[in-house]
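Beneath this line is the structure, given in structure tokens, with notes to follow.
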Number of protein chains: 2
Amino acid sequence: MESVAQTAEGTESGRGAACVQGKDLAYNVFARSCPSRGTLEHVTGRWGSLTLGALHDGTFRFNELRRRVDGVSEKMLSQTLHALERDGLVHREAQPTNPPRVDYRLTPLGREVSERLLTLIDFVEGHMDDVLEARERYDGTRES
Amino acid sequence: MESVAQTAEGTESGRGAACVQGKDLAYNVFARSCPSRGTLEHVTGRWGSLTLGALHDGTFRFNELRRRVDGVSEKMLSQTLHALERDGLVHREAQPTNPPRVDYRLTPLGREVSERLLTLIDFVEGHMDDVLEARERYDGTRES
DNA sequence: CCGTATCCTAAATGATACTG
DNA sequence: CAGTATCATTTAGGATACGG
């Protein structure tokens, strides 16, 4: 009987141990080697978050997405889309035409994720002035 | 007069161009080199997201945090906390005692961010079974 | 206890070329 | 168009040692 992750000592409030094993609330990103941590990284990763955010606006082809996610390379977008498709967040539909046409869109699950992600993104964007101001204060009290 | 980022062509719906310059809604993570992208990465990054999530539960000392964020190294936690402090999301309070005692907690802004982040994290954790199932389907239709 | 400094490895990313 | 393959480079990350 080996416990999967002994995150906290037990005295504190929230989110301790417990990853998988049993019935309900079993996943815990705070525990190393919990599969949910990997998925969270796909979702919140540099390109994953932007790709999910872009797909929130509709259905797009590969190169359309590339333009919407400014700065992403072919390789990274391809890799990101594969990971999100594998996790069941993105649906890929290839038309057997010539030239080929491939459409990407969110699955219902992916839509729920991107909804919550966009809530976060919009909040951050909406408070960038506060962040930039905080940075100036932080940097100001330390110039050597 | 050089436009900062020509993300989309204009035909599509949402989130095109516009980063900074003027009055209100000016930041756009989808544009390369928009400062909000950097902050989003601090917030959603591998250790940033877990650190903000851990701090949602209260005030913690450095090594308490290290235990809560299972697997983080001293170096990464230190770096992460500095970035979050600089962005005005985390407050650091050092007592001049011996041995030293340093407490970390969320700022009001950081709390709002972590709230939205946790909404996302909890959703992902709550649907890991769906994700894992999707992965099996994905992998199943492709075993060479 | 709370870190920083250093060194080193592994992973992520970018650039380029090429295929169906 | 929609990618994959390969290679070069950058960056993140871990281990360790040391200092306030």
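Protein chains get the first letters and strands the later ones, always in sequence-line order, with residue 1 at the start of each.
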A:Q79 CD to C:dA15 C1', straight-line distance once rounded to whole Å: 15 Å
Of the listed nucleotides D:dG14, D:dA2, D:dT4, the one nearest the side chain of A:E74: D:dT4
Mapping A:L81 and A:K75 to their closest nucleotides on DNA chain D, which lands nearer the 5' end? A:L81
Measuring from atom CG of B:L55 to atom CD of B:E64, what distance do you get when rounded to the nearest 0.5 angstrom? 10.5 Å
D:dT4 P sits how many Å from A:L77 CG, rounded? 10 Å
Which whole-number value in Å describes the distance from B:R46 CZ to C:dA12 P? 8 Å
Do B:T44 and A:L120 touch side chain to side chain, with heavy atoms closer than 4.5 Å? yes
Return no unless some side-chain N or O of A:R61 is found under 4.0 Å from OP1 or OP2 of D:dA2. yes
I'd like to check B:Y27 versus A:D129 (side-chain heavy atoms, cut-off strictly below 4.5 Å). Are they in contact? yes
Between D:dA12 (P) and B:L50 (CG): distance, integer Å: 17 Å
Evaluate the side-chain proximity of B:R61 to B:V102: yes if any heavy-atom separation is below 4.5 Å, no if none is. no
Let's see if you get this right: which residues in residues 83-105 of chain B place a heavy atom under 4.0 Å from DNA chain C? B:R92, B:P99, B:P100, B:V102, B:Y104
I need the CZ-C1' distance between A:R66 and D:dA2, as an integer number of Å. 11 Å
Whole-Å distance, A:M76 CE to D:dT6 C1', equals 13 Å
Do the side chains of B:H42 and B:L89 get nearer than 4.5 Å, heavy atoms only? no
Using five pairs at each end of the helix from C:dG3-D:dC18 to C:dG20-D:dC1 to define an axis, what is the angle between those two axes, to 10°? 40°
Do A:H91 and A:L106 have side chains that approach each other closer than 4.5 Å (heavy atoms only, starting at C-beta)? no
Tell me the interatomic distance from B:F62, atom CZ, to C:dG3, atom P, rounded to whole angstroms. 6 Å
Check whether any side-chain N or O of B:H82 sits under 4.0 Å from OP1 or OP2 of C:dT4, and answer yes or no. yes
Lys/Arg cation over aromatic A:F62: A:R66, 6.0 Å, 45° cone: no
For a quick test of reading the model: is some side-chain N or O of B:S78 closer than 4.0 Å to OP1 or OP2 of C:dT4? yes
Any heavy-atom pair between the side chains of A:E125 and B:L40 that's under 4.5 Å? no
So do B:R116 and A:R116 actually touch side chain to side chain, heavy atoms under 4.5 Å? no
Starting at atom CD of B:E64, determine the distance to atom C1' of C:dC1, rounded to an integer number of angstrom. 11 Å
